[in-house]
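Structure first, commentary second.
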2 protein chains.
Amino acid sequence: MSDSHKYVVSCQACSLNALCVPHSLTEEEIELVDATVKRSKPVQRNKTVFESGDAFSSLYAVRSGAIKTYSVDEDGEEHVIGFYLPGEMFGMDAISRNVHISSAKALETTAICEIPYNRLEELSAKVHNLQSHMYRLLSREIADDQDLQLMLSKKTAEERIGNFLLNLSHRYQMRRLSPTTFRLPMARTDIGNYLGLAVETVSRIFTRLQKNQILKVDGKEVEILDHNRLCEIANACHEHKH
Amino acid sequence: MSDSHKYVVSCQACSLNALCVPHSLTEEEIELVDATVKRSKPVQRNKTVFESGDAFSSLYAVRSGAIKTYSVDEDGEEHVIGFYLPGEMFGMDAISRNVHISSAKALETTAICEIPYNRLEELSAKVHNLQSHMYRLLSREIADDQDLQLMLSKKTAEERIGNFLLNLSHRYQMRRLSPTTFRLPMARTDIGNYLGLAVETVSRIFTRLQKNQILKVDGKEVEILDHNRLCEIANACHEHKH
DNA sequence: TTCACTCATTGATCTGCATCAATGACTGTC
DNA sequence: GACAGTCATTGATGCAGATCAATGAGTGAA
């Protein structure tokens, strides 16, 4: 078995296909999708998948591990744009410009699927369900980005952290993982950067939530002890029911 | 001539078609697009195009005037999500949920094109260029939203206003309107709400920019006197060259 | 013209979070 | 197992921008 084969698991066999692949595809259609997906060996922690300035050629999906996307400004400052968990697609912001404006880096050893964009485009013109899936996926990203904008422009530090944790909790639940006990794949700095807060603020709020018995934090391990109160703090319970 | 015909201008004849319609379509293809577009009489100031909770059935493009999109939270507070000028499409965040989560309201008397989504989907499967156009359009919205996120999470009030004005200036220029002298279609409250600032802050910064000879403000009329210094203040000149 | 209402501006005060500073805990390396 | 480097926590201080308050300017209705 060659190196590159170790990581090859077909879309049919992938535990995440409910998230990635539209449900309504026929077996044949899934095979077509499957055939366009390139799987290479996992990306090591801190290695980039693509960098700002790279030519755009593919979209990517996380299979296992976690990815952060970010941009770097003229002063060399990093700005975290998003975090992606297994089953989530990233790189979609580059379609319009044909060049990556953001960079993507592995937060831990991460397996990814690479989907060459021109082949995806062709295929989606033929397979109607795939096209609507793509439209929904892109639209979903827009809606999520707009939710984040609302957070950044209106919410307090505590509300942001609360929402952030509930959002992660919900995404882990979708992946059939525990919504109450999970590991934060990113550093506190990244969380602060993403939410527009100083690291110190993130840290302080974590300890405060811990004191109030809402959260149990041990380094990157987090346990949500009181989901309801966390919702109250986040000021946005309903948003995480879907 | 019936009422509804007054506003009917084909895509071919529309001065905005360079912005809306992909350049590479054949004449026949443009006619197909044209045939799917519904044009109704202008929306009066403060009237909504759609509201949160409405079933999603169409995307919309602004022909003339201006639209703001916003959501309303449980406390009845409005949160401005975006502003749309002639040639820009809105409503794309609703594709993924099949329901509008945001509302759209006319900031002044506004003519819009309505594009029934299911017909657009069908057509885009047939017309390859239209499909890639749609992908690019959606991706563009994602990239723009991410730019805004960066602003909201990292920039000072002055930088936000600077960027906002430069962004508008650039969009007017794309429409072959003056990039230096234009009218703000939205109220100060809306600007503040959108940028995550208090109205008072917006007002103060406008007067400060005026004192420093960078801007001339008279109500909603704005003239950019010193584009370079505005760029410096915005800390993002390059972003508006494209 | 006057009244009612909304919107914009300006000043005074308050506060949430950034910033600065220092220490502790953890990780990998030789 | 000592050292360097990164990351997290906690405390002290300062400031950008929110909030509160008041006035003025613009708009439409009767």
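Throughout, a chain's letter reflects where its sequence line sits, starting with A, and its residues are numbered from 1.
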* To do: Return the residues of residues 201-226 of chain B meeting this criterion: a heavy atom under 4.0 Å from some atom of DNA chain D. Order them by number, or give none.
  => Thr201(B), Arg204(B)
* To do: Not counting sequence neighbours, which residues clear ring-ring contact (aromatic ring centres under 6.0 Å, His included) with His79(A)? List them please.
  => none
* Structure fact -> Across all chains, not counting sequence neighbours, the salt bridge (Lys or Arg N to Asp or Glu O under 4.0 Å) partners of Arg45(B) are none
* Structure fact -> d(Ser139(B) OG, Arg97(A) CZ) to nearest 0.5 Å is 9.0 Å
* Looking only at side-chain atoms of Glu200(B), point me to the closest of dC17(C), dC20(C), dA21(D). => dA21(D)
* To do: Return the set of residues passing side chain to side chain donor-acceptor pair (under 3.5 Å) with Glu78(A) (not counting sequence neighbours), or none when no residue passes.
  => Lys68(A)
* For residues 200-218 of chain A, which residue pairs qualify under salt bridge (charged side-chain N to carboxylate O under 4.0 Å, His left out), counting only residues two or more places apart or in two chains? -> Glu158(A)-Arg208(A)
* **With Asn212(B) via side chain to side chain donor-acceptor pair (under 3.5 Å) - residues at least two apart** => none
* Near DNA chain D, which residues from residues 184-196 of chain B have a heavy atom under 4.0 Å away? -> Gly196(B)
* Output all residues satisfying ring-ring contact (aromatic ring centres under 6.0 Å, His included) with Tyr70(B), sequence neighbours left out; order by chain, then residue number. => none
* With Gln146(A) via side chain to side chain donor-acceptor pair (under 3.5 Å) - residues at least two apart -> none
* Report the residues that fulfil ring-ring contact (aromatic ring centres under 6.0 Å, His included) with Phe206(A), sequence neighbours left out, ordered by chain and then residue number. => none
* Asked: Can you list the residues that meet the side chain to side chain donor-acceptor pair (under 3.5 Å) rule with Asp54(B), with sequence neighbours excluded?
  -> none
* **Inter-end axis angle, the helix from dT1(C)-dA30(D) to dC30(C)-dG1(D), with every axis fitted to five base pairs (rounded, 10 degrees)** => 50°
